[in-house]
Amino acid sequence: MQLLRQMLDESDWWPGLDADQQQRVHAAIVVRDIDAGGIFSARGGLVAGWLGVVDGLVKIPIDAPDGRSMTLAGVPAGGWFGEGSVLKDEPRRYDVIALRDSRIAVMPRQTFHWLIDNSPGFSRFLLVQLNERLGHFIAAIEHQRLLGPEGRVARCLAQLFNPQLYPSTRSRLRISQSELGLLTGLSRQRVNQALGRLEELRLLETSYGGVTVVSVEGLDAFEG
DNA sequence: TCATTAAATTGTT
DNA sequence: AACAATTTAATGA
């Protein structure tokens, strides 16, 4: 996935817009390229709009008072996020960091609200997305302390494959083990071991530069 | 198209 | 954290 147009075509809410709406939205969106490790929008900065990952992979971390860093979410290509900050019309509370060279689409807040007012399908999409995200964070809190390394890797992958949030993610996800480490807060070596164990359980298959999910359900239900 | 080289990623200690 | 092995990407003949 490289082009904005392609990403829009794969977004669930896009086909529901008429030609004029599509043209207007497409023209309003600005695309920015971010180098690996780069910060897209600093915490407290102005919210430019709703953000979509055209290409690459980003994470949304939060710093704890004791200095440790924890990842709230990882967003693969095809995913839209940041609707919470746009809806509340407040400064974004979290940094957005590119895990590898990424291309971010910015839908201006004005356009975002215009879509809510003019497209029932878009509003419906937002409701579903917000609901999915709520479940995501509840699960994250629930599992943070309960799961071991294997479990955290499993959940992380299951989240990246959430078809509701990220519909265009295919069974094979391009993500290196070190990137998974950044998402889960584990060392690359530990991720490597965890992946090996999950592969033994036939929940996924590892390959160079990525993993192929065999059973999303199995990963999501993994406990240990 | 093929061979060579560099870079990225993985597996292991 | 460091190292070697493997895979991919890039380059040029």
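The chains referred to below are lettered A, B, ... by the order of the sequence lines, with proteins before strands, and numbering in each begins at 1. Just so we're clear, the structure is a prediction, and the values are computed from it rather than from any experiment.
A/Leu99 has its CG atom 15 Å from the C1' atom of B/dT9, to the nearest Å. Rounded to whole Å, atom P of C/dA1 lies 17 Å from atom CD of A/Gln177. Distance, A/Ile175 CD1 to C/dT8 P: 18 Å, rounded to whole Å. The nearest whole Å value for the distance from the CG atom in A/Asp101 to the P atom in C/dA9 is 14 Å. Taking atom CZ of residue A/Arg100 and atom P of nucleotide C/dA9, one finds them 12 Å apart after rounding to whole Å. Distance CG (A/Asn192) to P (B/dA8): 19 Å, rounded to an integer number of Å. Taking atom OH on A/Tyr208 and atom C1' on B/dG11, their separation rounds to 13 Å, with Å as the unit. Computed from coordinates, the A/Arg190 CZ to B/dG11 C1' distance equals 14 Å when rounded to whole Å.
Not a single donor-acceptor pair under 3.5 Å links the side chain of A/Thr169 to the backbone N or O of A/Pro167. Side-chain atoms of A/Asn162 come within 3.5 Å of backbone N or O of A/Gln164 as a donor-acceptor pair.
Under 4.0 angstrom from either OP1 or OP2 of B/dG11 there lies no side-chain N or O belonging to A/Gln193.
Sequence order on DNA chain C of the closest nucleotides to A/Arg174 and A/Arg188 puts A/Arg188 first from the 5' end.
For A/Gln189, the listed nucleotide lying nearest its side chain is C/dA2; candidates were C/dA2, B/dG11, B/dT9. Across C/dT8, B/dT12, B/dG11, the shortest atom-to-atom separation from the side chain of A/Thr206 is found for B/dG11.
Ring geometry, A/Trp13 versus A/Phe122: the interplanar angle exceeds 60°, so the pair is classed perpendicular (tilted spans 30 to 60°).
The side-chain tip of A/Arg109 does not point at the ring of A/Trp50 from less than 6.0 angstrom away and within 45° of straight on.
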